[in-house]
Amino acid sequence: VGTTPSDQDEFARFVHATGIQLYRTALLLTGDHHLAEDLTQTTYAKVFASWRRVHRAQNPVGYARTILLNTFLSHRRLRRSGEQPGRAADLTETLAGSTYEATSDADPSTRVDLLAALARLSPTDRAVLVARYWEDRSITETAGDLGLSEAAVRTRSKRALERLRPLVLDLSPEGIM
Amino acid sequence: MNDLPTLMRARVESEHPDLFALTTGSIRRGRRIRHVRYAGAALASAAVVAGVALGAITLAGGHPSATEVQPAAGQSLDISSPAPRPSPIPLDLSPVTGGKLVVPPKAASGVHSLENLTPMAPGTVGPRPERKPFRVTLKGWTCGPAADEKFDCIGPTDDGAHVVWRPASDHADWANGSPDKQADWVSGVHDGVFVTIDGAAAQELGASLVWK
C-alpha cells in the first residue's frame, strides 16, 4: 500500500514542476505566506496519499488545483463552524501585521492593496476571482471546480470586481482588459 | 491602469516556496493520511467480520442473544456458544480479513446468555464502532467509522467532510445559526437526532442521507 522510491521521485518532480504556481495560487487565496504554505502542503499531502491514482490521471495538475480550491473553502468553513480550532493567526490580524514585507520589485503599495483587498472578499468570491483571473479558467470550468452554477460564478465575479475596484488603485474599470 | 491578471502576476511573481520542504512535508503528511485511511478500513473490516460472525451463528440456528461473545487478542473473535445444534461450526475467515471465528463445543449447561458479553479489550481491534442512525450514500464518497457520534467522510478528490449527529434538543440552536453552532448543512430532526455536516459537498452529502 505504500509508495516505492520511484513513486516518491516522481512525486518530488511533480512538486518541483508545479509547486511555485500552486503556492502563488494559495497566496492569492489566503493572503498570508504561512497559510499559503500550509494550504499548499496540505494539497500536496492529499495528492501524495493518492499519488498512483493521480499520476495515472490525464491532468494531475488540474487535480491538484481542484484539491487546493476545495481544501481552501473547506478549511474556511470548518474554521467558521468552530469544529476545527484555528491554529493560524486570524487573517485580518495577519494582514494588519508584518506580513507584507517588500519581497518583489513591484510597487509595494499596489501589492499591499491587492492582497488586502482580496482578503476582504468572501472566500468563495476570492476563489472565483483567482480561478477566473489567475488560473484563467472559463466560467464553466470555474463553476465546475467550485461546485457553483455558471450564473453564480458570473454574479460573484462581477460583485467581487466591484468591491475590489475602489480598493485597488491600479485596477482597470473592467477588471480584465 | 492594469487588469486584474496583471496585478496578480505582479504581486506574486517573486514569491518562491521552499520546494524541498514542501516535498518532504507533503510526503510526511500524505503518509499520515494513508495510515488514517487504512486504519479506518481495518476497523470497518473488523466490524464486517463481527457482523458475519453473528449472522453465521443466527443462520446456524443459534440466537444472537444466546451467544457469549468474547473477542480474543488480535483480530480474532471467539464465540463460546453451547448451541443446541449438533455440530460446532469452526469458521476461519482469515483469507479475507485475518479474523477468526471459533465456536467451541457445547457447554455442559446448555444455557445461553448475554450476561457475559464483554466489551472489546483495549488494543485488540480498536474502539467498538458506533452504529450510525443513517447512511451517507453520495456516490464516490467513503465514510469512516463513527466515534463519539461523529465521523469523517472523504470524497473522490480527497475532499473531507465532518458529519455529526446530535440530540434533537440542540436542533433549534443549530438551525437558527447561533454564533458557536453553525454548520454548512443541518438536517431536520429524525428519531430524536439531527445531523450537521461541515466541509466539502455538505449540501450534497446531506441530501444523500438515508435514515435507518
Side-chain angles (χ1 to χ4, degrees), chain A residues 1-3 8 11-12 15-16 19-20 22-24 27-28 33 36-37 40-51 63 66-67 70-71 73-74 77-78 80-84 103-107 110-111 114-115 129-130 133-134 136 147 161 164 168 170-177, chain B residues 1-38 41 150 154-162 164 174 177-186 196-204:
Chain A
V1 293
T3 48
Q8 291 192 22
F11 175 76
V15 174
H16 279 71
I20 293 175
L22 210 63
Y23 170 77
R24 290 173 178 173
L27 184 59
L28 289 167
H33 290 92
E37 285 172 4
T40 310
Q41 192 177 89
T42 300
T43 299
Y44 279 123
K46 290 178 177 179
V47 169
F48 182 76
S50 306
W51 176 243
Y63 182 94
T66 302
I67 289 179
N70 287 330
T71 302
L73 293 174
S74 300
R77 290 191 192 107
L78 290 172
R80 189 196 68 205
S81 70
E83 289 286 7
Q84 177 176 319
T103 55
S104 137
D105 295 334
D107 178 5
T110 301
R111 292 164 46 232
L114 179 62
L115 284 189
L129 287 190
V130 168
Y133 297 118
W134 170 250
D136 200 24
L161 283 173
L164 274 187
V168 182
D170 285 348
L171 183 60
S172 61
E174 297 79 18
I176 181 167
M177 289 178 165
Chain B
M1 285 289 178
N2 290 303
D3 58 14
L4 189 54
T6 302
L7 290 175
M8 285 176 162
R9 275 195 298 275
R11 172 60 188 90
V12 299
E13 66 185 356
S14 65
E15 301 291 351
H16 292 275
D18 181 343
L19 292 175
F20 178 76
L22 189 57
T23 304
T24 54
S26 300
I27 289 174
R28 191 170 55 246
R29 287 170 69 169
R31 283 185 179 141
R32 212 153 46 217
I33 291 172
R34 279 187 183 166
H35 291 157
V36 169
R37 277 188 201 160
Y38 296 140
K150 64 188 69 165
I154 190 163
T157 55
D158 291 334
D159 309 318
H162 189 57
V164 185
W174 287 88
S178 296
D180 61 337
K181 292 183 171 58
Q182 295 185 15
D184 292 330
W185 185 83
V186 180
T196 62
I197 303 178
D198 281 294
Q203 305 294 327
E204 292 84 352

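Throughout, protein chains are lettered first and strands after them, A, B, ... in sequence-line order, and every chain is numbered starting at 1.
- For Ile20(A), the parts lying under 4.5 angstrom from a heavy atom of chain B are both the backbone and the side chain.
- The nearest pair of heavy atoms linking His33(A) to Arg11(B) is CE1-NH2, 4.4 Å.
- Leu129(A) touches chain B through backbone and side chain together, each having a heavy atom under 4.5 Å away.
- Between the side chain of Arg34(B) and the backbone N or O of Phe48(A), at least one donor-acceptor pair lies under 3.5 Å.
- Of all heavy-atom pairs spanning Gly30(B) and Ala49(A), the tightest one is O-CB, 3.7 Å.
- Heavy-atom distances place no part of Ala161(B) under 4.5 Å from chain A, backbone and side chain included.
- Side-chain contact between Met8(B) and Leu114(A) is present, with heavy atoms from C-beta onward closer than 4.5 Å.
- For the pair Arg29(B) and Tyr44(A), the minimum side-chain heavy-atom distance is 4.5 Å or more.
- Expressed to the nearest 0.5 Å, how far OG1 of Thr24(B) lies from CD of Gln8(A) amounts to 10.5 Å.
- Put simply, the side chain of Tyr23(A) does not reach to within 4.5 Å of the side chain of Leu22(B), judged on heavy atoms.
- By the 4.5 Å heavy-atom criterion applied to side chains, Trp134(A) and Val12(B) are counted as neighbours.
- In this structure, CD on Gln41(A) lies 10.0 Å from CG on Asp18(B), to the nearest 0.5 angstrom.
- Both the backbone and the side chain of Arg9(B) come within less than 4.5 Å of a heavy atom in chain A.
- Between atom CD1 of residue Ile33(B) and atom OG1 of residue Thr42(A) there is a gap of 7.5 Å, rounded to the nearest 0.5 Å.
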